[in-house]
Amino acid sequence: MSEKSPKLRAELDGIPTYKPGKPAAAGGAVAFKLSSNENPYPPLPGVLESAVAAAGNFNRYPDMACTGLVNELAERFGVPVEHVATGTGSVGVAQSLIQSTAGPGDEVMYAWRSFEAYPIITQISGATSVQVPLTDGDVHDLDAMAEAITDRTRLIFVCNPNNPTGTAVRRAELERFLDRVPSDVLVVLDEAYREFVRDTDIPDGIELYRSRPNVAVLRTFSKAYGLAGLRVGFAIAHEPVAAALRKTAVPFGVSQLAQDAAVASLRAEDELLGRVGTLVCERTRVYEGLVKQGWTVPDTQANFVWLRLGERTLDFAAACEKAGVVVRPFAGEGLRVTIGEPEANDLFLHTAEAFRKEL
């Protein structure tokens, strides 16, 4: 009798693998990790203490409804509690959004290149990806995205600022795009890097959501708040969408450690803003340094910079690693570099200058 393997879903065939940022080598030459857009600072005051206290009860299940965190978020952003849903990082919430809206025969649209989890979570759901190329300036082409909407479109991601290019769309063009999207298509404004935005013409998605029932906003505690290892994110959306997210969320997915640390982080906003301000200053220094060296760098509103290097991408990544910093290459396209400690940024700038001279 011949043995057969269990039947698995055909949608999983050829699914792309998420590639995390390469870690710094322990005990080797690499000293700084600039590959994952992490916050280089330790937990905010009070956050570690909250997590340690919660750890004393991790023999118990966490609050599945994340009641304390949801209440804190609702108050912080001035929205109804019923409009808040949490998950395992913003990517976990994004996957729930697709599960709630799209399946086989449906389309999920996003710019490309953009966040590399989008094609993965779309294919897992059985839906079809519609990738709309960025403009020559590495910005969302919202006019082209609007033209690409069909009667099969169920969800559109707008990553603002965009990962990995750091570019952002402005208020007028985003509002014009939203006006063109049918009311039964969900638009998800993925704002994982919102805290780093300094251009006042880049809209706050939460303000746009208030008057648009088909707009949802994704945020995370992984970047500015420095809780990447605890996996907690959230969405703010109107009641039907938020309720669907609660239905599709993994039960008990957000640990009590993560919930309590997130609440403590929200209550340490002054310290948070100070740290973010320091990173933004470093971002400006790195950006201006690269421009002075002769690089073409898109204006970035995130905590990273993007260099389009084409076929030289992997060569530059190797040069950076040899110098002591790990960056995030996208083979054949470009390289994303997180803004880190000043020493790490200096190493990167020195490497970029040397590499530029060899071009």
Assess, by modelled atom type and distance only, whether the side chains of [X] and [Y] contain a donor and an acceptor separated by less than 3.5 Å.
X: S114; Y: N162; value: yes
X: S222; Y: R231; value: yes
X: R336; Y: N163; value: yes
X: D190; Y: Y118; value: yes

Approximate separation, where rounding is to 0.5 Å, of [X] [atom1] and [Y] [atom2]:
X: L273; Y: R275; atom1: CG; atom2: CZ; value: 11.5 Å
X: M109; Y: T150; atom1: CE; atom2: OG1; value: 7.0 Å
X: D106; Y: T153; atom1: CG; atom2: OG1; value: 9.0 Å
X: Q99; Y: K247; atom1: CD; atom2: NZ; value: 13.5 Å
X: N345; Y: L34; atom1: CG; atom2: CG; value: 6.5 Å
X: F348; Y: L307; atom1: CZ; atom2: CG; value: 5.0 Å

Exercise. Are the aromatic rings of F316 and W295 close, with centres under 6.0 Å apart?
Worked result: yes

Exercise. Between F234 and F77, is the ring centre distance below 6.0 Å?
Worked result: yes

Exercise. Between S129 (side chain) and Q131 (backbone), is there a donor-acceptor pair under 3.5 Å?
Worked result: no

For this session: Say whether, by atom type as modelled, one donor and one acceptor occur between the side chain of E191 and the main chain of G205 under 3.5 angstrom.
Result: yes

Just wondering, do [Y] and [X] contact through their side chains at under 4.5 Å, heavy atoms?
X: T128; Y: R152; result: yes
X: R180; Y: D143; result: yes
X: T86; Y: F221; result: no
X: H140; Y: L174; result: no
X: V232; Y: L69; result: yes
X: L279; Y: F196; result: yes
X: T313; Y: F330; result: no
X: R283; Y: N303; result: no

Problem set entry | Single hit among V185, V132, L142 for side chain to side chain contact (heavy atoms under 4.5 Å, CB included) with I156 | V185

Problem set entry | Partner of R170 by side-chain hydrogen bond (donor to acceptor under 3.5 Å, both in side chains), out of D201, D199, T200 | D199

For this session: Only counting residues at least two apart or in another chain, list the ones meeting ring pair (Phe, Tyr, Trp, His ring centres under 6.0 Å) with F304.
Result: Y193

Problem set entry | Partner set under ring pair (Phe, Tyr, Trp, His ring centres under 6.0 Å) for F177, not counting sequence neighbours | none

Seminar exercise, completed: Across all chains, not counting sequence neighbours, the salt bridge (charged side-chain N to carboxylate O under 4.0 Å, His left out) partners of D184 are none

State whether the number of non-hydrogen atoms from other residues, nucleotides or ligands found under 6.0 Å of [X] atom [atom1] is greater than 12.
X: F252; atom1: CZ; answer: yes
X: E239; atom1: CD; answer: yes
X: D179; atom1: CG; answer: yes

For this session: Could you check Q256 against F58 for side-chain contact (heavy atoms from CB on, under 4.5 Å), going step by step and ending with a plain yes or no?
Result: CA-CA 8 Å; Q256 200 62 51; F58 62 45; over 6 Å; no

For this session: Decide, yes or no, whether a salt bridge links R285 with E282 under the criterion of side-chain N to carboxylate O below 4.0 Å.
Result: yes

Exercise. Any Lys/Arg nitrogen of K292 or E353 sitting under 4.0 Å from an Asp/Glu carboxylate oxygen of the other?
Worked result: no

Problem set entry | Criterion side-chain contact (heavy atoms from CB on, under 4.5 Å) on V181 and I149, from CA distance to verdict | CA-CA 8 Å; V181 177; I149 296 172; 4.0 Å; yes

Exercise. So R194 and R219, side-chain contact (heavy atoms from CB on, under 4.5 Å) or not? Walk me through it.
Worked result: CA-CA 8 Å; R194 173 65 202 176; R219 298 279 179 91; 3.6 Å; yes

